[in-house]
Each structure stands twice: as C-alpha cells, then as structure tokens.
Amino acid sequence: MDQFNRLVSEQMATMEKLLYLQTELERCQQIEEELKSLQNATELDSIQNDIQLMKKELKEIQLIFEKQTDEVINSYREMNLTASM
C-alpha cells in the first residue's frame, strides 16, 4: 500500500507540472499571436524559442506521466493480488 501511495503522489506531482506547462504554453502561444500581429521579430523569435522548449519539456513530462500511470496500475494489481491470497 505504501508503494501505491508513493506512486500516486509522484503521479500527482507530475500532473501538476504537466498542467502548469500546458497553461504556460497556452500563455506563450497567445503572446506569440500578439507579437505576430505587431510584427516584432526580435521578441517573436524569443517567444518561439520558449514555446519550442516548453513543447519539448511537455512531451518529456507526458512520457513520465504515462510511465507512472503504468506503475500505479501495476502496483494496484499487485496490491489486490496479494490481498486476495
């Protein structure tokens, strides 16, 4: 049960990171659109770089989250299997 709780806690922390990054990505994309409309090339390049970095980090966190989900499911199955014996 301790392992299951630890895995769920880790997954919740990952979910918080994921949600934060998604919000930041959306905010930066909004800024990108505003800068495009103002045609400010210097700031536009900077925000586009930020967006690419966040997209990469978001993808990495999504992979971690998927792995954690598998671990939670396996831990839960093991916990139930042990309890039924």
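Please read these numbers as outputs of a predicted model, since none were measured by experiment. What you see below is based on every heavy atom in this structure, not just the backbone, and it leaves out hydrogens, waters and symmetry mates.
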Note to self: Is there a side-chain contact between Glu57 and Gln52 in this structure, where contact means two heavy atoms from C-beta onward sitting under 4.5 Å apart?
What the structure shows: no
Notebook entry, point to check: Looking just at side-chain N and O atoms, do Gln68 and Thr14 make a donor-acceptor pair shorter than 3.5 Å?
Noted result: yes
Margin query: Can you tell me how far apart OG1 (Thr69) and CD (Gln11) are? Round to the nearest 0.5 Å.
Written below: 3.5 Å
Item checked: Within 6.0 Å of CG in Asn49, more than 12 heavy atoms from elsewhere -> yes
Margin query: Can you give me the closest heavy-atom contact between Ile47 and Cys28, atom names plus distance?
Written below: CG1-O, 3.7 Å
Notebook entry, point to check: Going from CG on Leu21 to NZ on Lys55, what distance comes out if it is rounded to the nearest 0.5 angstrom?
Noted result: 13.0 Å
Check: Taking side chain as C-beta onward, heavy atoms only, is Arg27 less than 4.5 Å from Ile31?
Finding: yes
Checklist line | For Glu10, all residues meeting salt bridge (Lys or Arg N to Asp or Glu O under 4.0 Å), sequence neighbours excluded | finding: Arg6
Note to self: For residues Leu18 and Ile64: do they belong to one hydrophobic cluster (side chain heavy atoms under 4.5 Å, members Ile, Leu, Val, Met, Phe, Trp, Tyr)?
What the structure shows: no
Notebook entry, point to check: What's the verdict on side chain to side chain donor-acceptor pair (under 3.5 Å) for Glu34 and Gln30, showing C-alpha distance, side-chain angles and the deciding distance?
Noted result: CA-CA 6 Å; Glu34 291 172 10; Gln30 177 63 36; 3.3 Å; yes
Margin query: With clusters defined by side-chain heavy atoms of hydrophobic residues (ILVMFWY) lying less than 4.5 Å apart, directly or transitively, does Leu7 cluster with Met12?
Written below: yes
Notebook entry, point to check: How far does CE of Met54 sit from CD of Gln29, to the nearest 0.5 angstrom?
Noted result: 8.5 Å
Note to self: Please enumerate all residues that pass side chain to side chain donor-acceptor pair (under 3.5 Å) together with Gln62, with sequence neighbours excluded.
What the structure shows: none
Next item on the list: Measure the CG-CG distance between Leu25 and Asp50 for me, rounded to the nearest 0.5 Å.
Entry: 10.5 Å
Item checked: Path from Phe4 to Ile73 over hydrophobic side-chain contacts below 4.5 Å -> no
Item checked: Joint hydrophobic cluster, Leu58 plus Ile51, side-chain heavy atoms closer than 4.5 Å -> yes
Notebook entry, point to check: Given the rule that I, L, V, M, F, W and Y join up when any side-chain heavy atoms are under 4.5 Å apart, are Leu19 and Ile61 in one cluster?
Noted result: yes
Next item on the list: Apply the test side chain to side chain contact (heavy atoms under 4.5 Å, CB included) to residues Glu71 and Glu66: give CA-CA distance (whole Å), side-chain angles for both, the deciding distance (0.1 Å), then the verdict.
Entry: CA-CA 9 Å; Glu71 290 175 355; Glu66 288 173 13; over 6 Å; no
